[in-house]
Amino acid sequence: MPELPEVETTRRGLQRRLRGLRVADVIVRERRLRYRITPGLRGKLAGRRVSRIARRGKYLLFYLDDGCLLCHLGMSGSFRITGGGQAAGSHDHLDIVFGGGKILRYRDPRKFGAVLWVGGEVLRHKLLAGLGPEPLGKGFGGDYLYEQSRGRSASVKQFIMDSRVVAGVGNIYANESLFIAGIHPARHAGRVSRRRYEALAAAIRQVLQRAIRKGGTTLRDFVRDDGQPGYFGQTLAVYQRGGEACPACGGVIRSSVLGQRSTFYCPRCQR
DNA sequence: AGAGGTACCTGGCAGC
DNA sequence: TGCTGCCAGGTACCTC
């Protein structure tokens, strides 16, 4: 499933190849994603030029001349660019055709994604307005996590996966960063020290940056914008490794469920 | 305000 | 082998 590094990898690839291009046509095959794809999208986009592509959490923001296409890949979404000869598959819900013939194709078997046109200031959009700071940006760090977490009884894992606390930390990287920081995922967020939040913030930045450098960690059906699958799961220390040996101490990695999410940790290394 | 639960969807896989 | 049924997983939203 696309996590923040995959989204960032996608953003970089798409920006490199689409910036400055003008939309010629839009083909919507399936409108029912998490939300309905904005009706009349063709009229909104046609003739507009892509000025840049940004990211906010796991949302992709395609800035056009006078508005923004706000997209989310959900669980199984991917973008790719085709030359035009490729026939659309059954899960290829949207094509954005550019002048010159390049096609940006959105595929999403599970339809958890979103493609919405936002005419005004996109960062004030309901889906973005409440997001916490970017984990790789200013405003995020140990002090911030410490202050935000006081008095909170939810587990530290659920806390860092709350998009209002920090944007875009999903299940994989929550597991991995807690392992690196040596913090037990079920520990109450309000009972983690400032010093340990410092370690956790550093771990979150480290795992995300490393995955971005690797081109994105992927488990199943993420496809990079060049159409190549991006399997990098072998670099994960604990995620989906329940019953295996901890790479740090050799003990057995445990799996459990926290907030309806699969959770992996080493009970010896994480307290 | 915070915590917990639910819905959305479908490929993949476990169990029969 | 073939069918059925369950579940993951990100996020918003609802309820308590």
Side-chain angles (χ1 to χ4, degrees), chain A residues 1-8 10-11 29-38 55-61 70-79 89-94 106-116 118 122 124-132 134-135 145-177 185-192 204 208 211 216-223 229-231 233 236 238-243 255-264:
Chain A
M1 58 299 313
E3 287 256 3
L4 187 148
E6 286 85 348
V7 178
E8 176 61 19
T10 299
R11 185 195 71 78
R29 298 186 191 83
E30 172 58 88
R31 197 170 283 291
R32 294 167 301 174
L33 303 181
R34 182 166 218 280
Y35 312 99
R36 275 168 65 80
I37 292 181
T38 305
R55 179 185 59 74
R56 182 76 176 93
K58 293 183 199 166
Y59 287 92
L60 282 169
L61 286 63
L70 174 59
C71 300
H72 197 288
L73 299 178
M75 284 289 306
S76 58
S78 62
F79 279 109
S90 61
H91 302 300
D92 293 332
H93 307 313
L94 170 74
Y106 179 72
R107 177 184 158 85
D108 187 0
R110 297 187 197 179
K111 299 183 187 169
F112 275 21
V115 176
L116 300 169
V118 182
V122 70
R124 295 215 191 101
H125 189 277
K126 186 173 63 159
L127 293 173
L128 303 184
L131 291 179
E134 285 294 316
L145 286 179
Y146 179 79
E147 303 300 342
Q148 289 293 309
S149 63
R150 292 310 88 184
R152 293 188 60 160
S153 63
S155 74
V156 61
K157 177 163 179 264
Q158 289 171 280
F159 173 68
I160 59 169
M161 287 180 69
D162 184 340
S163 66
R164 293 165 300 182
V165 173
V166 53
V169 177
N171 197 33
I172 295 174
Y173 295 104
N175 278 293
E176 293 295 306
S177 56
R187 177 173 286 274
H188 290 188
R191 303 196 56 185
V192 174
I204 289 170
L208 293 177
T217 303
T218 293
L219 292 185
R220 193 163 292 134
D221 43 14
F222 177 69
V223 179
Y231 290 99
L236 300 175
V238 290
Y239 186 73
Q240 288 204 332
R241 292 188 185 279
S255 65
S256 66
V257 176
L258 262 181
Q260 284 105 277
R261 287 290 170 266
S262 57
T263 300
F264 303 89

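Keep in mind it's a predicted model, so treat the numbers as computed, not measured. So you know, we letter chains A, B, ... as the sequences are listed, proteins then strands, and number each from 1.
Here A:Ser76 does not reach the OP1 or OP2 of B:dG11: none of its side-chain N or O atoms lies under 4.0 Å away. Residue A:His72 has no polar side-chain atom (N or O) positioned under 4.0 Å from OP1 or OP2 of C:dG10. Note on A:His91: a side-chain N or O is less than 4.0 Å away from OP1 or OP2 of B:dG11. Between B:dA3 and A:Arg152, a contact under 4.0 Å exists linking OP1 or OP2 to a side-chain N or O. Taking side-chain N and O atoms only, A:Ser153 has a distance below 4.0 Å to OP1 or OP2 of B:dA3.
For A:Asn171 (side chain) and A:Arg261 (main-chain N/O), no donor-acceptor pair under 3.5 Å exists by modelled atom type.
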Could you run down the sub-3.5 Å N/O contacts of the protein with nucleotides 13-16 of chain C?
unit_1, atom_1, unit_2, atom_2, d
C:dC13, OP1, A:Lys126, NZ, 3.1

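Nucleotide C:dG9 holds its C1' atom 12 Å from the CZ atom of A:Arg34, rounded to whole Å. As a whole-Å value, the separation of A:His125 NE2 from C:dT11 P is 15 Å.
The side-chain tip of A:Arg241 does not point at the ring of A:Tyr239 from less than 6.0 angstrom away and within 45° of straight on.
Between A:Phe79 and A:Tyr106, the ring planes are tilted. Angles from 30° to 60° get that label.
Recorded end-axis angle for the helix from B:dG2-C:dC16 to B:dC16-C:dG2 stands at 50°, based on five pairs per end and rounded to 10 degrees.
Separation of atoms CD (A:Glu8) and CD (A:Glu134) is listed at 9.0 Å; rounding is to 0.5 Å. Note that NZ of A:Lys58 and OG of A:Ser163 are 9.5 Å apart. Values are rounded to the nearest 0.5 Å.
Each of A:Arg261 and A:Gln158 lies near DNA chain B, and the nucleotide nearest A:Gln158 is the one positioned closer to the 5' end.
Using a 4.5 Å heavy-atom cutoff, the side chains of A:Leu4 and A:Arg55 are in contact. With a 4.5 Å cut-off on side-chain heavy atoms, A:Pro185 and A:Phe264 do not count as touching.
By the 5.5 Å and 30° criteria, A:Phe112 is not stacked with the base of B:dC9.
For the side-chain contact (heavy atoms from CB on, under 4.5 Å) with A:Arg56, the lone residue among A:Leu61, A:Val7, A:Leu70, A:Val122 that qualifies is A:Leu61.
The nucleotide whose nearest atom lies closest to any side-chain atom of A:Lys111 is, among B:dA7, C:dG9, B:dC9, B:dC9. For A:Gln260, taking side-chain heavy atoms from C-beta onward, the closest of the listed nucleotides B:dG5, C:dA8, C:dA12 is B:dG5.
Nucleic acid contact class of A:Phe159 (heavy atoms, under 4.0 Å, all strands): none.
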